[in-house]
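Please read the structure below before turning to the comments.
Just so it is clear: chains get the letters A, B, ... in the order the sequence lines come, proteins before strands, and each one is counted from 1.
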Protein chains: 2
Amino acid sequence: MVFGYRIGGLPLTTVQRLPNYLRVVREMHRAGREVVSSARLGELLRLDPVQVRKDFGLIGIVGRPKIGFRTSELVEAIEGHLNWNRVSAAILVGAGHLGQALLGYRGFANHGLEIRAAFDLDPRSGEVHGIPVHPMHELEARLPELGARMAILTVSPEAAQEAARRLAAAGIEGIWNFTGATLDLPPAVIVQNQDIAVGLAVLSARLSAQGRVVPAPIGEVPV
Amino acid sequence: MVFGYRIGGLPLTTVQRLPNYLRVVREMHRAGREVVSSARLGELLRLDPVQVRKDFGLIGIVGRPKIGFRTSELVEAIEGHLNWNRVSAAILVGAGHLGQALLGYRGFANHGLEIRAAFDLDPRSGEVHGIPVHPMHELEARLPELGARMAILTVSPEAAQEAARRLAAAGIEGIWNFTGATLDLPPAVIVQNQDIAVGLAVLSARLSAQGRVVPAPIGEVPV
DNA sequence: TCGTGTGAATGTTTTCACAGCT
DNA sequence: AGCTGTGAAAACATTCACACGA
């Protein structure tokens, strides 16, 4: 598999479900609801209740029979596992359309992410949505003072590898790669690919399979 | 599981790899390279060569021993499976930062997607990156002439359910949901969630597990 | 010998079945 | 009765091992 497939002891699939749990459980908590059952969460998120309980067990949360899980404990545990309960500094590289949209996204505050600065070959205005945009050649010089471990990469696919190499050389530990290019970096650098083409591919394939009769495998008789 | 987990006969994981194969194989094809081995693709995409061959087998492409796979056949087969070899019309709902960034994204042309129009409660300028933006109340009236089966949903999470309901009622068959909200719709409507919080969660968890010692499971002896 | 094709083995995730707590 | 916790089974995906073709 492409990377270790247990993240800090948790299965990847569990980690992927955590932000969804967090969203609805935070909402309930804010609304004053103190407990919630796995059945209710499963209904809201379209998950099997057993899966919800297994996931919660993995992050160390025990529920109470007949009662459910305490929303406050859940929020705390999930935030802790994702490290979303403290602020992480990040930079953004490539202030094009997508980069600017991410600079304007308010939701990162809920995820412990603070974009401190952006870099671009052509930093037109010098700031976007209140975040300073610096010329790309100042990257290495400015990085130390920014205290960012993580970079959001939104340059063109062609420019991706070289930008990523510079980020890695400058000490960035994790790259959130929106470019769609496959990055070749030292294994110590964590690369998280966020290629929207993948999601579009799944949607396209589901739509085009929609209503079409899937031929039964040889040897099986259609019911 | 949350949906059927074979899409038109292919495993979901295979479908997710198809756009990556397509990107590099198109590049090779354009560069005049006629054949490629599974080993070379595996190296470029960090995949096991056997996996590459199994995937290609599933989409009906056979390679030739000692030679490899024909790039032209691969491009055609992958595009066919994703329905990316013909143009699909789409609309976009919610022309905020993210919506505008997607309206400006040129890459959709490579994926058979054409955004014909956008809708927004407050359609300021009336057009973004050359694509007309209409007031939201005109959605139902304009949809038939646009011929779109698919909608890209980029409204706020709070507005997501109601907008999705209207889209479904108006005959949209597939919704690419960027809002992070879980949509409750008739099962005939295909919803593809594209929540960036999921990717961020995985990256955050990997970063925060980075270098930390994972305790060995009980009964196992650390090497 | 190089590279494909594939049955078998392995590993992982989900689902089932049911015991236990209140 | 209602809800959690969990071992066991099933489903699924990946990797191994090797036969075969050019």
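Under 4.0 angstrom from either OP1 or OP2 of C/dT4 there lies at least one side-chain N or O belonging to B/R53. Under 4.0 angstrom from either OP1 or OP2 of D/dC12 there lies no side-chain N or O belonging to B/T13.
A tilted orientation is assigned to the rings of B/Y105 and B/H111, their planes being inclined by 30° to 60°. Using cut-offs of 30° and 60° on the angle between ring planes, the pair B/F56 and B/Y21 is perpendicular.
Between B/Q16 atom CD and D/dC12 atom P the separation is 15 Å, expressed in whole Å. Whole-Å rounding puts the A/D48 CG to D/dC12 P distance at 14 Å. Atom P of nucleotide C/dT12 and atom CD1 of A/I7 are separated by 13 Å, given to the nearest angstrom. At whole-Å resolution of the value, CD1 in B/I61 and C1' in C/dG3 are 17 Å apart. Atom CG of B/L47 is separated from atom C1' of D/dA13 by 13 Å (rounded to the nearest Å). Taking atom CG of residue B/L58 and atom P of nucleotide C/dT6, one finds them 10 Å apart after rounding to whole Å. Rounded to whole Å, atom P of C/dG11 lies 13 Å from atom CZ of A/R6.
Between B/K54 and B/V36, the residue anchored nearer the 5' end of DNA chain C, judged by the nucleotide with its closest heavy atom, is B/V36.
Nearest to the side chain of B/Q51, among D/dT4, D/dT14, C/dT13, sits D/dT14. Minimum atom distance to the side chain of A/S37 is reached by D/dT4, of the listed C/dT6, D/dT4, D/dG7.
When heavy atoms are screened at a 4.0 angstrom cut-off, B/P49 is found touching no nucleic acid atom at all. Residue-level contact check: A/S38 touches the backbone only, with heavy atoms under 4.0 Å from sugar-phosphate atoms and none from bases.
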Name every donor-acceptor pair, under 3.5 Å, that has one atom in a side chain of residues 159-174 of chain B and the other anywhere in the protein, sequence neighbours excluded.
{"unit_1": "B/Q161", "atom_1": "OE1", "unit_2": "B/D184", "atom_2": "N", "d": "2.8"}
{"unit_1": "B/Q161", "atom_1": "NE2", "unit_2": "B/D184", "atom_2": "O", "d": "2.9"}
{"unit_1": "B/E162", "atom_1": "OE1", "unit_2": "B/R165", "atom_2": "NE", "d": "3.0"}
{"unit_1": "B/E162", "atom_1": "OE2", "unit_2": "B/R165", "atom_2": "NH2", "d": "3.0"}
{"unit_1": "B/R166", "atom_1": "NE", "unit_2": "B/E140", "atom_2": "OE2", "d": "2.8"}
{"unit_1": "B/R166", "atom_1": "NH2", "unit_2": "B/M136", "atom_2": "O", "d": "2.9"}
{"unit_1": "B/R166", "atom_1": "NH2", "unit_2": "B/E140", "atom_2": "OE1", "d": "2.9"}
{"unit_1": "B/R166", "atom_1": "NH2", "unit_2": "B/E140", "atom_2": "OE2", "d": "3.4"}
{"unit_1": "B/E173", "atom_1": "OE1", "unit_2": "B/R149", "atom_2": "NE", "d": "3.2"}
{"unit_1": "B/E173", "atom_1": "OE1", "unit_2": "B/R149", "atom_2": "NH2", "d": "2.9"}
{"unit_1": "B/E173", "atom_1": "OE2", "unit_2": "B/R149", "atom_2": "NE", "d": "3.2"}

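Contact detail for B/W84 and B/N110: the closest heavy-atom pair is CE3-O, 4.2 Å.
Side-chain atoms of A/T14 and A/D55 form a donor-acceptor pair, as typed in the model, at a separation below 3.5 Å. A/T71 and A/R33 share no side-chain donor-acceptor pair at under 3.5 Å.
Across residues 62-79 of chain B, B/P65, B/K66 each have a non-hydrogen atom less than 4.0 Å from an atom of DNA chain D (numbered order).
In this structure the side chain of B/V24 never reaches within 4.5 angstrom of the side chain of B/V36, judged on heavy atoms.
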